[in-house]
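See below for the structure under consideration.
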Amino acid sequence: MNTIHVIAGLGVQNGGPSYSVPRLAKALSAQGCTTALYTVAEATGERTDARALAFPQAWAATPWMSLLRSSPALASALARRVDNVDIIHNHGLWLMPNVYAGRLAAKARKPLIVSPRGMLAPEALRFSVRKKQLFWSLFQERAVAHAAAWHATSAEEAQDIRAFGVGAPIAIIPNGIDLASTIADHADARPRRTVLFLSRIHPKKGLLNLISAWSRMAAQRPSWQLVIAGPDENDHRAELEAQVVKGGLCSVKFHDAVYKEDKAQLLASADLFVLPTMNENFGLVVAEALAAGVPAIVTKGAPWSGLKIEDCGWWIDQGVEPLTAALLEATAIAPLVRQKMGARGRAWMARDFGWDGIAARMAEVYAWCLGEGDRPDCVVMD
């Protein structure tokens, strides 16, 4: 079948979707689907996948218009292609490319799949709430009203979609992950051990709680350091650095954003990974850490209950107290124990999160939306 995937941007600063969407398209191609990936060019021209068709952004120099990532060129290109398309798959919300995809699917009577990519989570909806309400009423609601199905990367995200008022079928299919070739060596006798946070430095990631927790346990773990790495958003890093200075926490280090091989090396250098997030629809970086053989501490704002089931990490309540307790426990265990935990996590990623299986499930959903075959087990109706 022929599929089109639409996403507003593929720059690495956009987080997980900059990897997962092109990788899904590639995996679908391996399953026999013809896939085309459409996006809007980043201001820097940087993209994660050179095969994507990137179109220029209109009104890029107009402050409030540039935020919408409008691209008439993208809309026109989609319209020229639509007659030869079976499925239109939109990734994300709140931007004009996401509207173009929905409008075109409705006009051409093609099945539309909507992947909100975490943008309907309560925490996400609290940011720029009035702008999102206005955009929904003016553009987005009508663009997704006739979607054949929505796609959630976890059961928790499916609940968020339902809570928003969406009644369409929802396919629950996680993101996939490629196993890292560079793997953590916990047996290495280095003098300093590392707890790594690697994600966007954003208020919703729970970093203020992390620094508070670290301040409570750092004196008990003098051979450990906390590294906070990632792109800064809303000048949140300065707020965190001020808290570190105020607490006299010399064992907390900040690291700029890293990508590709540098990111793989940083993950492999860690002894533990931590994501104290308020909310994630999936949390791709958790999968990346596990694929690198690093045990993870993750709050219940992310759908990673399997950390406990697979015995490869800690899935904890939000807040400073639970985070402090988990950090103390995780940093107290022997390196060999962490090595075994990391190996279990990596095996879990290989077993349940391989891209071939993920793409096969998505292709089944596409076929069902086209009236071919029974409803896949991953699709929920209520």
Side-chain angles (χ1 to χ4, degrees), residues 16 154 174-199 205-207 209-210 213-214 217-218 220-221 223-230 251-253 255 258 263-277 280 282-319 321-354:
S154 65
N175 288 322
I177 189 69
D178 292 300
L179 289 184
S181 57
T182 306
I183 307 171
D185 180 9
H186 300 275
D188 182 24
R190 50 188 178 273
R192 200 155 183 80
R193 298 287 180 176
T194 298
V195 175
L196 174 65
F197 168 92
L198 178 58
S199 188
K205 300 294 181 177
L207 287 164
N209 283 347
L210 177 58
W214 192 262
M217 53 82 67
Q220 301 177 58
R221 300 289 186 266
S223 63
W224 284 81
Q225 66 176 348
L226 170 64
V227 174
I228 297 174
S251 59
V252 177
K253 311 296 182 184
H255 197 298
V258 289
K263 183 178 183 179
Q265 292 290 342
L266 187 58
L267 280 167
S269 71
D271 298 276
L272 292 164
F273 175 80
V274 62
L275 184 67
T277 184
E280 303 288 332
F282 182 72
L284 181 63
V285 70
V286 179
E288 291 175 323
L290 295 173
V294 183
I297 301 170
V298 182
T299 51
K300 292 180 180 177
W304 284 94
S305 59
L307 289 169
K308 184 175 181 179
I309 297 168
E310 301 292 335
D311 193 15
C312 58
W314 293 259
W315 195 51
I316 63 173
D317 292 330
Q318 294 178 6
E321 294 290 346
L323 189 53
T324 304
L327 286 167
L328 284 169
E329 179 182 344
T331 54
I333 62 178
L336 181 58
V337 175
R338 287 194 296 273
Q339 186 85 29
K340 291 179 178 178
M341 292 180 73
R344 288 192 291 269
R346 182 174 168 86
W348 177 30
M349 294 300 99
R351 184 186 74 232
D352 293 348
F353 293 86

From CA spacing to verdict: salt bridge (charged side-chain N to carboxylate O under 4.0 Å, His left out), Asp271, Arg190: CA-CA 11 Å; Asp271 298 276; Arg190 50 188 178 273; 2.6 Å; yes

Pairwise distance [atom1]([X]) to [atom2]([Y]) - rounded to 0.5 angstrom:
| X | Y | atom1 | atom2 | result |
| --- | --- | --- | --- | --- |
| Ser223 | Arg192 | OG | CZ | 7.5 Å |
| Leu196 | His255 | CG | NE2 | 9.0 Å |
| Ile316 | Trp314 | CD1 | CH2 | 10.5 Å |
| Ile333 | Leu272 | CD1 | CG | 6.5 Å |
| Ile228 | Trp214 | CD1 | CH2 | 9.5 Å |
| Ser199 | Glu280 | OG | CD | 6.0 Å |

Minimum side-chain heavy-atom gap [X]-[Y] below 4.5 Å:
| X | Y | answer |
| --- | --- | --- |
| Leu226 | Lys253 | no |
| Leu290 | Leu307 | yes |
| Asp311 | Lys308 | no |
| Leu275 | Phe197 | yes |
| Ile177 | Leu284 | yes |

Cation over ring face, Lys300 and Trp315, 6.0 Å, 45°: yes

[Y] and [X] side chains, donor-acceptor separation under 3.5 Å:
| X | Y | answer |
| --- | --- | --- |
| Thr324 | Glu321 | no |
| Gln225 | Ser251 | no |
| Thr331 | Arg221 | yes |
| Lys205 | Thr277 | no |

Verdict with reasoning, Leu336 to His186, per side-chain contact (heavy atoms from CB on, under 4.5 Å): CA-CA 7 Å; Leu336 181 58; His186 300 275; over 6 Å; no

Result of checking Met341, Arg351, Arg344 against Glu310 for side chain to side chain contact (heavy atoms under 4.5 Å, CB included): Arg351

Leu267, Leu198, Val294 screened by side chain to side chain contact (heavy atoms under 4.5 Å, CB included) with Glu288, the one that passes: Leu267

Evaluation steps, side-chain contact (heavy atoms from CB on, under 4.5 Å), between Asp317 and Thr299: CA-CA 6 Å; Asp317 292 330; Thr299 51; over 6 Å; no

Derivation and outcome, side-chain contact (heavy atoms from CB on, under 4.5 Å), residues Asn209 and Gln318: CA-CA 9 Å; Asn209 283 347; Gln318 294 178 6; 5.6 Å; no

Proximity of Phe273 and Trp304 rings by center, below 6.0 Å: no

Step-by-step side-chain contact (heavy atoms from CB on, under 4.5 Å) determination, Val195 to Val227: CA-CA 6 Å; Val195 175; Val227 174; over 6 Å; no

